[in-house]
Engineer: 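Mind having a look at this structure? Questions to follow.
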Amino acid sequence: MMTTIGIDAGGTLTKVAYQDDAGALQVQHYPSTQLARVAAFINEHPEIETIGMTGGRAEQLNALLDDQRQLYFLVEFEATLRGVNEQLQQQNSNLARCIITNIGSGTSIHYKNGDAYQRVSGTGIGGGTLVGLSALMTGEYDYHTIAEHAKTGNRKKVDLMVADIFEGMEVPAPLDPDLTASNFGKVGLKSPRDYEKADLLATTMGLVGEVVSTLSIQLAEQYQVEHIVYIGTTLDHNDKLREVIASYTKLKKKTAVFLGDEGFSGAIGALLYAKECATNSL
């Protein structure tokens with residue numbers, strides 16, 4: 001029975017995690033503009049006795065709930081770290097030290113050392129950038145539609161590549177001809193109306209993925225770790241973005257780790273925290 005749930009009420013999406021009657025993890029999300037739907041889901045399930053809650057909109061959500069449940073709040077990244085550790089364990093991957101890159105509306109980057117962590121960097125480039133630029137260029141606002149179209153796009157029709165700069169010449173070592181010399185660098189060679197939607201969306205994925213992975217790789221070098229764990233809802237059903245991040249991380253001799261249910265690490269951590277607190281209170 002679903003007696004305990006975890007909630008990560010973020011700026012864009014509110015994520016929910018719980019275990020079903022068979023003990024299997026179940027996750028779902030709602031737009032954070034529709035917190036009333038989340039509250040309705042909870043209030044309609046009187047069997048929910050305990051809630052772990054994190055995220056910037058946690059207090060707003062709490063105001064919509066009835067008072068029949070025990071609530072446990074924790075700091076957002078503490079919840080995320082708990083969730084990541086659990087997800088790594090489920091993959092039989094015990095990374096004592098790694099970089100964790102959380103790609104939400106923007107991107108927050110942390111260094112994990114055992115059970116300790118610290119925020120080491122971040123950027124405003126993230127899922128919000130992806131959807132915003134995509135909408136301005138193509139009129140597509142739906143994230144899943146953007147991700148689906150981007151699968152078939154060709155970035156080389158829009159990005160200026162190293163090979164383009166040395167056209168007709170051998171690219172000198174150690175440069176890679178397939179590296180991006182300038183994101184959107186070919187725009188201006190023809191009318192913007194002549195670019196295919198899929199190519200523009202794939203190029204936007206490339207911009208976001210390269211910025212995020214470049215920062216992450218630099219920090220992995222700084223902290224002398226091999227693995228970078230990429231999480232966040234922007235990776236959800238987004239094959240193109242995963243491809244960009246994985247290939248660029250590998251090119252720079254680091255290892256990209258994807259957990260599955262990447263956007264729900266915070267909700268999973270909140271669930272684990274609530275269960276722990278409930279057990280300790282007995």
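Just so it is clear, the model here is predicted, and its values are computed rather than measured. Count residues from 1 along the sequence.
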Engineer: Any side-chain heavy atom of L35 within less than 4.5 Å of one from L64?
Structural biologist: yes

Engineer: Report the C-alpha separation of E86 and Q90 in whole Å, then their side-chain angles, then the decisive distance to 0.1 Å, and conclude whether the side chain to side chain donor-acceptor pair (under 3.5 Å) test is met.
Structural biologist: CA-CA 6 Å; E86 173 67 16; Q90 293 299 317; 2.9 Å; yes

Engineer: Rounded to the nearest 0.5 Å, what's the gap from NE2 on H227 to OG1 on T249? Could you check?
Structural biologist: 11.5 Å

Engineer: May I ask you to test the K197-E140 pair for a side-chain heavy-atom distance under 4.5 Å?
Structural biologist: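 In short, these two side chains touch, coming nearer than 4.5 Å.
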
Engineer: Identify the heavy atoms of V187 and Y195 that sit nearest to each other, and give their distance.
Structural biologist: CA-OH, 3.4 Å

Engineer: Are side-chain heavy atoms of Q118 and V120 found at a separation under 4.5 Å?
Structural biologist: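 Yes, side chains in contact.
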
Engineer: Given R242 and L235, is the side-chain contact (heavy atoms from CB on, under 4.5 Å) satisfied, shown in steps?
Structural biologist: CA-CA 7 Å; R242 287 171 181 260; L235 294 166; 4.1 Å; yes

Engineer: Answer yes or no: is there a donor N or O on one side and an acceptor on the other, between the side chain of T138 and the main chain of S134, under 3.5 Å?
Structural biologist: yes

Engineer: Quick one, I228 and T101 - any side-chain contact, counting heavy atoms below 4.5 Å?
Structural biologist: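 The answer is yes, as the side chains (C-beta and beyond) meet within the 4.5 Å cut-off.
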
Engineer: Going from OH on Y72 to OG1 on T54, what distance comes out if it is rounded to the nearest 0.5 angstrom?
Structural biologist: 16.0 Å

Engineer: Provide the closest heavy-atom pair for F258 versus A256 in the form atom of the first, atom of the second, distance.
Structural biologist: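 Heavy-atom minimum between the residues: CE1-CB, 4.1 Å.
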
Engineer: R57 side chain to S32 main-chain N or O, any donor-acceptor pair under 3.5 Å?
Structural biologist: yes

Engineer: Taking atom CD1 of I42 and atom CE of M2, what is their separation to the nearest 0.5 Å?
Structural biologist: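 Spacing of CD1 (I42) from CE (M2) equals 9.0 Å.
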
Engineer: For E167, does the CD atom have more than 12 heavy-atom neighbours from other residues, nucleotides or ligands under 6.0 Å away?
Structural biologist: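 No, CD of E167 has 12 or fewer neighbouring heavy atoms, counting only those of other groups under 6.0 Å.
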
Engineer: Could you tell me which non-hydrogen atom of G266 sits nearest to which non-hydrogen atom of A79, and how far apart they are?
Structural biologist: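 The pair with the smallest heavy-atom distance is O-CB, 3.6 Å.
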
Engineer: Would I231 and V84 count as a side-chain contact (heavy atoms from CB on, under 4.5 Å) here? Give the steps.
Structural biologist: CA-CA 9 Å; I231 64 173; V84 167; 4.0 Å; yes

Engineer: Do L207 and V244 land in one hydrophobic cluster if side-chain heavy atoms of ILVMFWY residues count as linked below 4.5 Å?
Structural biologist: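 Unlinked, L207 and V244 end up in two clusters.
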
Engineer: I would like to know whether L25 and L271 meet side-chain contact (heavy atoms from CB on, under 4.5 Å); could you show each step before the answer?
Structural biologist: CA-CA 10 Å; L25 179 69; L271 170 64; 4.1 Å; yes

Engineer: Whether the side chain of E262 engages the backbone of G260 through a donor-acceptor N/O pair (distance < 3.5 Å, no angle test) should be reported.
Structural biologist: yes

Engineer: Just by distance, do the side chain of R97 and the backbone of K112 share a donor-acceptor pair under 3.5 Å?
Structural biologist: no

Engineer: Check for me, please, whether V212 and Y248 land in the same ILVMFWY cluster - side-chain distances under 4.5 Å, paths through other members count.
Structural biologist: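 In one cluster with V212: Y248, yes.
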
Engineer: Near D115 CG, under 6.0 Å, is it more than 12 heavy atoms from other residues, nucleotides or ligands?
Structural biologist: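 Incorrect, the count does not exceed 12.
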
Engineer: For the NE2 atom on H237, are there more than 12 heavy atoms of other groups (residues, nucleotides or ligands in this structure) within a distance under 6.0 Å?
Structural biologist: no

Engineer: Quick one: are K15 and Y30 in side-chain contact, heavy atoms under 4.5 Å?
Structural biologist: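 Side chain of K15 against side chain of Y30, heavy atoms only: no contact under 4.5 Å found.
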
Engineer: Using the ring of F77 (Phe, Tyr or Trp, six-membered ring only), decide whether R119 places NZ or CZ under 6.0 Å from its centre and within 45 degrees of its axis.
Structural biologist: no

Engineer: Please assess E210 against T180 for the test side chain to side chain donor-acceptor pair (under 3.5 Å), listing each intermediate value before the final yes or no.
Structural biologist: CA-CA 9 Å; E210 288 179 356; T180 307; 2.8 Å; yes

Engineer: Between E221 and K254, is the side-chain contact (heavy atoms from CB on, under 4.5 Å) condition met? List the steps.
Structural biologist: CA-CA 9 Å; E221 292 284 356; K254 298 298 178 182; 3.5 Å; yes

Engineer: When you look at E49 and T4, which way does the side chain to side chain donor-acceptor pair (under 3.5 Å) test go after all the steps?
Structural biologist: CA-CA 6 Å; E49 300 172 351; T4 305; over 6 Å; no

Engineer: Shared ILVMFWY cluster between V257 and L251, side chains joined below 4.5 angstrom?
Structural biologist: no

Engineer: Nearest heavy-atom pair of T152 and A198: which atoms, and what distance?
Structural biologist: OG1-CB, 3.6 Å

Engineer: Checking the side chain of D20 only, and the main-chain atoms of G23 only, is there a donor and an acceptor separated by less than 3.5 Å?
Structural biologist: yes

Engineer: Of all the heavy-atom pairs spanning C98 and V229, show the shortest one and how long it is.
Structural biologist: SG-CG2, 3.9 Å

Engineer: Side-chain donor-acceptor pair under 3.5 Å between Q19 and K275, yes or no?
Structural biologist: yes

Engineer: Would you say D199 and H149 make side-chain contact, with heavy atoms under 4.5 Å?
Structural biologist: no

Engineer: Does any N or O in the side chain of T214 come within less than 3.5 Å of the main-chain N or O of V211, such that one atom is a donor and the other an acceptor?
Structural biologist: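 Not confirmed, T214 side chain does not pair with V211 backbone.
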
Engineer: Taking D261 for its side chain and F264 for its backbone only, find out whether a donor-acceptor pair lies under 3.5 Å.
Structural biologist: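 The answer is no, because no donor-acceptor pair under 3.5 Å joins these two groups.
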
Engineer: For S213, which residues count as a side-chain hydrogen bond (donor to acceptor under 3.5 Å, both in side chains) partner, sequence neighbours excluded?
Structural biologist: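 Here no residue qualifies.
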
Engineer: In Å, rounded to the nearest 0.5 Å, how long is the span from CD1 of I245 to OH of Y230?
Structural biologist: 6.0 Å

Engineer: Between S105 and T12, is there a side-chain donor-acceptor contact under 3.5 Å, judged purely by atom types and distance?
Structural biologist: yes

Engineer: Just how far is it from atom NZ of K151 to atom CG of L241, taken to the nearest 0.5 Å?
Structural biologist: 13.0 Å

Engineer: Indicate the atoms forming the closest heavy-atom contact of V131 with I146, along with that distance.
Structural biologist: CA-CD1, 4.1 Å

Engineer: Please work out whether the ring planes of Y111 and Y223 are parallel, tilted or perpendicular, with thresholds of 30° and 60°.
Structural biologist: parallel

Engineer: For a side chain to side chain donor-acceptor pair (under 3.5 Å) check, start with the C-alpha distance between T234 and Y143, then their side-chain angles and the critical distance, and finish with the verdict.
Structural biologist: CA-CA 9 Å; T234 310; Y143 163 80; over 6 Å; no

Engineer: Using only atom types and a distance under 3.5 Å, with no angle test, would you say the side chain of D164 pairs donor to acceptor with the backbone of M161?
Structural biologist: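 Yes: the side chain of D164 pairs with the backbone of M161.
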
Engineer: Does one hydrophobic cluster hold both L13 and V38, with members joined at side-chain heavy-atom distances below 4.5 Å?
Structural biologist: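 Each belongs to a different hydrophobic cluster.
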
Engineer: Hydrophobic cluster membership, with links at side-chain heavy-atom distances under 4.5 Å among I/L/V/M/F/W/Y: are L272 and Y18 in one?
Structural biologist: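 Result: no, two separate clusters.
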
Engineer: Quick one: does N154's side chain have a donor or acceptor within less than 3.5 Å of a partner on K156's backbone?
Structural biologist: yes

Engineer: Going by heavy atoms in the side chains, are M137 and F184 under 4.5 Å from each other?
Structural biologist: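 SC-SC contact between M137 and F184 confirmed.
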
Engineer: What is the distance from atom NZ of K250 to atom CD1 of I217, rounded to the nearest 0.5 Å?
Structural biologist: 13.5 Å

Engineer: Could you tell me whether the side chain of T3 and the main chain of I48 form a donor-acceptor pair under 3.5 Å?
Structural biologist: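 Looks like no, no N/O pair under 3.5 Å.
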
Engineer: Quick check: do I109 and I100 have side-chain heavy atoms less than 4.5 Å from each other?
Structural biologist: no

